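Everything numeric in this text was worked out from a predicted model, so none of it was measured.
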Amino acid sequence: MSALPFLKFAGPVITDEMADAVRDTIISGWLTSGPQVSAFEAALSNYHGGRPTRVFTSATAAMEVAFEVCGISPGDEVITSAMTFFSVGNMIEKVGATTVFVDCDLVTRNLNFDQVEAAITPRTKAIVPTHMSGLPCDMDRLYDIAKKHGLRVIEDAALAIGSSWQGKRIGAFGDIATFSFHPNKNMTTIEGGAAVFADEAEAKRAEVLRFHGITRLADGTRDVSVAGGKFNMSDVSARLGLAQLEKLDTWNVHRQSLAHVYTMLLTPLADELGIVLPSPAHPNEPTGHSWNMFCVLLPFDKPWQSQLTRKQFIDAMHAQGIGIGISYEAMHLTSLFRAKGHRDGEHPNAERIAQQTVTLPLHAAMTEADVVRVVQALISFLAKA
Ligand SMILES: *Cc1c(COP(=O)(O)O)cnc(C)c1O
């Protein structure tokens with residue numbers, strides 16, 4: 001029915017120049033990690049105030065290596081949010097540590113720091129906060145707690161490239177931050193990720209761990225000093241990343257303005273329709289949100305709308321040519337963590353978000369008219385329900 005093009009809920013912008021640059025790299029004779037990776041790392045480091053930076057095949061890989069660099073291992077506890085992407089819990093478990101979940105705030109969806117403090121034990125080694133949707137968590141509180149208890153912090157900044165806290169970019173200060181360049185993030189390398197370190201020696205260890213644990217000897221042969229993985233980025237991906245990074249700030253400003261239109265259109269209707277809107281910004285940092293996603297809670301559990309399911313909503317929006325995402329499920333209620341004893345009711349906010357959240361379209365190729373179209377479709381669905 002609708003002649004309008006399908007509106008994806010997320011996706012990258014790839015210009016002809018970017019495609020040409022990638023083509024040049026593909027035919028340059030050097031495909032895997034090489035000069036483009038070095039240049040991309042230098043550019044990312046520069047973007048984060050000169051901090052030591054290494055790129056990887058994904059943010060998940062970057063986080064696994066960061067955990068190894070920090071020596072997180074069996075017997076250690078790592079505190080994270082029940083409301084984040086699966087990769088966080090997976091990597092904590094993969095290095096043999098124990099995941100300690102705390103709940104999140106219903107509106108910011110970021111870690112509840114009162115619960116973080118209460119969860120600290122003598123075995124706690126690290127905190128892994130996710131900057132949800134690109135909204136920085138309270139960095140002052142985070143690093144106060146970490147300092148007081150001598151804990152490492154590995155910030156899951158997968159959604160937060162270009163976000164800032166009181167004028168300082170996420171990744172430009174603090175301990176370790178990991179970023180994702182998956183196509184749904186604010187910039188892409190197709191697949192890819194990065195870790196920004198506070199310490200050059202740790203970045204060097206990460207470099208060894210991402211490539212088989214290999215060190216080069218003076219006689220030209222190689223040695224393996226540690227059982228490393230294989231997480232090095234290709235030059236083709238890095239070349240795309242270099243071109244994307246140049247546009248990142250412009251795109252993030254555009255994302256901010258689209259989020260503002262959503263907020264303006266939905267705020268007057270939110271109470272009546274039972275919608276919980278995302279936090280427009282952190283109260284201490286009004287402009288630092290990079291708006292990777294615009295996630296709302298819809299009243300899927302209200303008695304008067306008991307017929308309404310999220311599946312129906314997603315299907316109805318799809319039929320109108322509008323893509324909808326779900327971010328995220330509650331991690332403690334996955335089969336992996338249920339098998340470790342976790343149960344419904346442990347983290348009420350995360351569980352409510354998991355049931356009611358939908359991700360409305362938001363990406364740099366969208367227009368304000370697209371936002372209006374989404375809001376109209378959403379309102380007409382809720383009005384009929
Ligand atoms: C996308 C995402 C990741 C994982 O990123 P990859 O690059 O796909 O490994 C981790 N955490 C959060 C919050 C994410 O959204």
Side-chain angles (χ1 to χ4, degrees), residues 10-12 14 22 25 31-34 36-38 40-41 43-45 47-48 52-70 72 78 80-81 84-95 97 99 126 128-134 154-163 170-171 176-197 202-203 205-213 227-245 248 290 292-293 325 327-329 331 334 336:
I14 309 282
V22 167
T25 305
L31 292 168
T32 188
S33 310
Q36 301 299 334
V37 163
S38 299
F40 185 38
E41 286 180 337
L44 281 170
S45 171
Y47 190 77
H48 295 107
T53 302
R54 297 295 183 277
V55 294
F56 299 83
T57 41
S58 66
T60 306
M63 185 168 281
E64 181 176 353
V65 169
F67 287 170
E68 288 175 342
V69 163
C70 294
I72 296 170
V78 178
T80 194
S81 175
T84 183
F85 186 58
F86 305 125
S87 58
V88 177
N90 283 351
M91 291 309 104
I92 294 170
E93 298 295 318
K94 203 150 174 259
V95 298
T99 313
V128 182
T130 296
H131 304 298
M132 281 292 280
S133 299
I154 299 92
E155 295 171 40
D156 174 11
L159 301 168
I161 187 123
S163 296
I170 293 299
I176 298 176
T178 57
F179 296 95
S180 174
F181 307 126
H182 178 277
N184 285 358
K185 311 299 159 110
N186 289 21
M187 57 172 277
T188 191
T189 59
I190 305 174
E191 295 284 358
V196 178
F197 298 86
E202 291 198 338
R205 289 224 301 283
E207 196 176 319
V208 171
L209 284 163
R210 84 174 164 191
F211 195 72
H212 310 290
K230 173 73 160 66
F231 304 126
N232 59 302
M233 181 182 276
S234 77
D235 255 21
V236 178
S237 281
R239 184 65 192 86
L240 179 58
L242 267 170
Q244 292 261 308
L245 184 59
L248 177 67
S290 63
N292 177 258
M293 295 191 286
S327 314
Y328 297 106
E329 294 79 359
M331 198 165 41
T334 57
L336 172 69

Between Ser290 and Gly162, what is the shortest heavy-atom contact and its length?
-> CB-C, 4.2 Å
Residues 188-197 vs side chain to side chain donor-acceptor pair (under 3.5 Å), sequence neighbours excluded, gives none
Does the side chain of Glu155 pick up a donor-acceptor pair with the side chain of Thr178 at under 3.5 Å?
-> no
Would you check, one step at a time, whether the test ring pair (Phe, Tyr, Trp, His ring centres under 6.0 Å) holds for Tyr328 with Phe85?
-> CA-CA 6 Å; Tyr328 297 106; Phe85 186 58; 5.6 Å; yes
Is the ring centre of Phe179 less than 6.0 Å from the ring centre of His48?
-> yes
Answer yes if the ring centres of Phe40 and Tyr47 are under 6.0 angstrom apart, and no otherwise.
-> no
Student check: side-chain heavy atoms of Val78 and Thr99 closer than 4.5 Å = no
Might you work through the salt bridge (charged side-chain N to carboxylate O under 4.0 Å, His left out) test for Lys230 and Glu64, ending with a clear yes or no?
-> CA-CA 12 Å; Lys230 173 73 160 66; Glu64 181 176 353; over 6 Å; no
Check: Asp235 side chain, Gln36 main-chain N or O, donor-acceptor pair, under 3.5 Å = yes
For Thr25 against Arg239, the heavy-atom pair lying closest together | OG1-CG, 3.0 Å
Taking every non-hydrogen atom, the tightest pair across Met233 and Phe56 | CE-O, 3.4 Å
Smallest heavy-atom separation, Ala160 atom then Ile170 atom, equals O-CB, 4.2 Å
Just by modelled atom types, is the Cys70 backbone N or O under 3.5 Å from a matching donor or acceptor in the Glu202 side chain?
-> no
Closest approach of Leu31 to Ser234 (non-hydrogen atoms, all atoms of both residues) | O-CB, 3.5 Å
Between Phe67 and Val88, what is the shortest heavy-atom contact and its length?
-> CE1-O, 4.4 Å
